[in-house]
Amino acid sequence: MSFDGPAARIAAAVRAGERSATSAVAESLAAIDAAGELGAFNAVTADAALARAEAIDDAVAAGDDPGPLAGAPVALKDNICTSGAPTTCSSRILEGWTPPYDATVVRRLEAAGAVVVGKTNMDEFAMGSSTENSAFGPTRNPLDPERVPGGSSGGSAASVAGGLTPLALASDTGGSIRQPAALCGIVGMKPTYGRVSRYGLVAFASSLDQIGPMARTVGDAALLYSVIAGCDPLDSTSVPEPLGDLNGALAADVDGLRVGIVSELSGEGIDGDVLSRLDAAATALTGAGAYVGEVSVPAAVYGLSAYFLIAPAEASSNLARYDGVRYGLRVPAAGAVDMNVATRTAGFGDEVKRRIMLGTFVLSAGYYDAYYAKALQVRTLVVRDFAAAYERFDVLLAPTSPSVAFRFGERTADPLTMYLSDACTVASNLAGHPAVSVPFGSGADGLPVGVQVMAPAFGEDVMFRAAAALERLLADVPRPDGAAATAAAKP
Ligand code: GLN
């Protein structure tokens with residue numbers, strides 16, 4: 001049962017010669033085509049995907065093993081570099097730019113037999129929580145087209161939740177994998193900082209960014225994670241730490257596991273329907289033999305403030321490279337400085353400009369100590385408070401998102417309202433710890449609620465152990481409407 005899910009099943013069938021990679025990829029391409037109104041994809045690489053699928057089928061016919069993801073279609077967030085297709089970050093400023101190389105994760109996917117089918121829509125430069133900040137128009141939530149899929153990885157989440165691809169890769173700087181996963185009813189995981197190479201990931205905030213998997217089951221997410229994880233000499237922040245026994249972790253029970261509910265993330269500001277699903281998860285884990293208790297991570301309440309100083313500071317530096325010379329768009333003007341200003345004015349959207357201004361401000365002489373340095377101190381407190389919590393608990397539990405999927409336009413008028421969407425997720429990024437969102441039934445309007453499992457650095461195995469248990473336990477937990485809750489657990 002370990003690595004189980006739609007992608008694992010495709011790969012098993014392709015490796016055994018029971019189905020062709022070509023049929024799996026053609027099916028995915030047809031589903032993408034039929035779901036155009038979702039706005040999930042910026043580009044579909046149909047020809048390259050079919051050619052690749054044929055090569056995999058030829059390999060199987062020749063007696064070779066294409067790898068653990070043989071023939072499994074994967075969607076890539078459009079901030080992951082691909083030499084065969086443009087990488088836009090859903091921004092006009094990268095218009096017409098195709099990277100000269102593939103990201104390390106893309107090379108690892110191909111080495112494992114996976115087939116990239118396209119690039120997914122996102123908030124511009126991964127800044128946002130609803131995918132409404134895309135320069136190409138928003139992505140819709142497949143479960144309710146009047147609502148956002150979350151963000152910034154809304155396209156990847158919609159692709160998996162809508163059944164367009166069994167797998168997707170995305171990036172998570174402050175919650176961009178986990179929050180859309182929660183809002184779309186799928187599994188989304190942010191690995192430990194340093195676990196997955198960011199070579200070829202367009203940088204947003206380099207001390208926070210990680211690439212991670214989205215899938216319909218915990219087993220598929222763990223499988224995709226195991227393929228992309230590992231040290232890479234091309235990313236100096238990647239770490240040569242062994243992965244642990246993921247298969248064993250997925251199969252293990254939670255008897256005796258110590259699970260802490262983070263009090264600062266499970267009270268004020270979180271909707272009642274979300275809190276009641278967290279309670280249901282805690283009760284289910286207790287019933288399965290886990291020890292569940294409350295734990296305080298005091299600095300977590302300042303996480304959002306620290307994040308919205310550190311992330312924009314790093315973004316203002318990282319985005320300085322879009323100068324009208326090196327990449328994409330150039331708006332001609334009389335001199336270099338005017339050209340630079342005209343290009344950036346036309347090329348960046350409002351949210352990106354807001355972050356650049358905020359970041360430049362907090363780094364400027366006179367304000368650096370008051371804001372940026374202070375935020376770094378808070379970050380140290382977050383790390384220290386988590387360390388204390390993990391002396392008593394193996395994993396921590398919290399909601400992923402304070403609410404279920406919201407309607408278009410509901411949070412765009414006031415940026416601070418949008419930023420509150422990240423309240424439960426940013427702490428793991430500040431600490432560099434792994435965290436995963438697992439669907440745990442539904443809340444308001446029958447929309448999915450995600451429960452977040454957090455673990456200490458390089459604790460992905462124990463994190464997956466708790467996540468897999470939650471997925472299994474969901475089947476036994478009655479939903480508020482009385483229906484069986486097996487749909488989310490067994491697609
Ligand atoms: N929503 C957060 C932000 O707007 C996180 C984004 C992300 O993780 N890329 O910054």
Side-chain angles (χ1 to χ4, degrees), residues 76-80 89-91 120-134 138-139 148-157 168-184 188-191 193 196 198 201-214 303-316 318-319 348-359 362 375 379 399-403 405-406 410-412 414-437 450 452:
L76 297 181
K77 186 174 180 177
D78 207 9
N79 59 353
I80 297 173
C89 294
S90 289
S91 179
T120 58
N121 199 5
M122 54 187 280
D123 283 302
E124 185 177 3
F125 283 104
M127 297 170 187
S129 304
S130 66
T131 318
E132 290 169 291
N133 295 335
S134 167
T139 298
V148 304
S152 65
S153 316
S156 284
L169 284 186
S171 64
D172 191 311
T173 303
S176 279
I177 293 175
R178 291 161 286 158
Q179 184 258 14
L183 269 46
C184 289
M189 182 246 176
K190 181 198 92 73
Y193 187 79
V196 176
R198 288 103 44 87
L201 172 70
V202 177
F204 165 7
S206 306
S207 77
L208 302 159
D209 299 337
Q210 268 294 291
I211 297 175
M214 286 177 156
L304 209 56
S305 313
Y307 171 83
F308 277 100
L309 297 171
I310 294 169
E314 295 184 19
S316 69
N318 274 327
L319 271 60
F348 288 136
D350 288 348
E351 183 61 27
V352 174
K353 286 175 182 158
R354 186 178 294 121
R355 304 279 180 115
I356 292 172
M357 286 190 281
L358 182 58
V362 305
R379 187 172 191 174
T400 306
S401 157
S403 74
F406 42 96
E410 218 172 88
R411 298 188 188 173
T412 43
D414 174 16
L416 289 182
T417 314
M418 188 69 86
Y419 296 170
L420 288 173
S421 313
D422 307 326
C424 303
T425 46
V426 292
S428 304
N429 300 81
L430 291 169
H433 294 172
V436 61
S437 181
Q452 191 181 189

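Numbering of ligands and ligand atoms starts at 1, following listing order.
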Enumerate the atoms of ligand 1 whose separation from the nearest heavy atom of [X] is less than 4.0 angstrom.
X: Gly174; result: 5 (C), 7 (C), 8 (O)
X: Phe204; result: 9 (N), 10 (O)
X: Asp172; result: 8 (O)
X: Met127; result: 4 (O)
X: Ser129; result: 1 (N)
X: Ser152; result: 9 (N)

Any idea how Phe125 and Phe348 line up, ring-wise: parallel (<30°), tilted (30 to 60°), or perpendicular (>60°)? perpendicular

Between Arg355 and Met127 (side chain of the first, backbone of the second, donor and acceptor by atom type, cut-off under 3.5 Å), is there such a pair? no

Distance-only, no hydrogens or angles: does the Thr173 side chain make a donor-acceptor pair with backbone N or O of Leu208 under 3.5 Å? no

Under the criterion side-chain hydrogen bond (donor to acceptor under 3.5 Å, both in side chains), I'd like the reasoning laid out for Ser171 against Lys77: C-alpha separation, chi angles, the key distance, then a yes or no. CA-CA 7 Å; Ser171 64; Lys77 186 174 180 177; 2.9 Å; yes

Quick one: nearest non-hydrogen protein atom to [atom], plus distance?
atom: atom 10 (O) of ligand 1; value: Tyr307 OH, 2.7 Å
atom: atom 4 (O) of ligand 1; value: Arg355 NH2, 2.7 Å
atom: atom 2 (C) of ligand 1; value: Asp422 OD2, 2.9 Å

May I ask you to check if ligand 1 and [X] share an N or O to N or O distance below 3.5 Å?
X: Gly151; value: no
X: Phe308; value: no
X: Ala126; value: yes

Rounded distance (nearest 0.5 Å) linking atom [atom1] of [X] with atom [atom2] of [Y]:
X: Gln179; Y: Ser130; atom1: CD; atom2: OG; result: 8.0 Å
X: Phe204; Y: Asp172; atom1: CZ; atom2: CG; result: 10.5 Å
X: Met189; Y: Gln210; atom1: CE; atom2: CD; result: 9.0 Å

How about Ser206 and Asn318: do any of their side-chain heavy atoms sit closer than 4.5 Å? yes

Please classify the Thr173 to ligand 1 contact at 4.0 Å (heavy-atom distances, strictly less than): side chain, backbone, both or neither. both

Paired with Ser134, the side chain to side chain donor-acceptor pair (under 3.5 Å) test is passed by just one of Thr139, Asp78, Asn121, Asp123, namely Asn121

Stepwise side-chain hydrogen bond (donor to acceptor under 3.5 Å, both in side chains) test for Ser129 and Arg411: CA-CA 9 Å; Ser129 304; Arg411 298 188 188 173; over 6 Å; no

I'd like to know whether ligand 1 has Gly175 as a neighbour, heavy-atom separation below 4.0 Å. yes

Out of Ser421, Ala205, Ser176, whose heavy atom is nearest to atom 7 (C) of ligand 1? Ser176

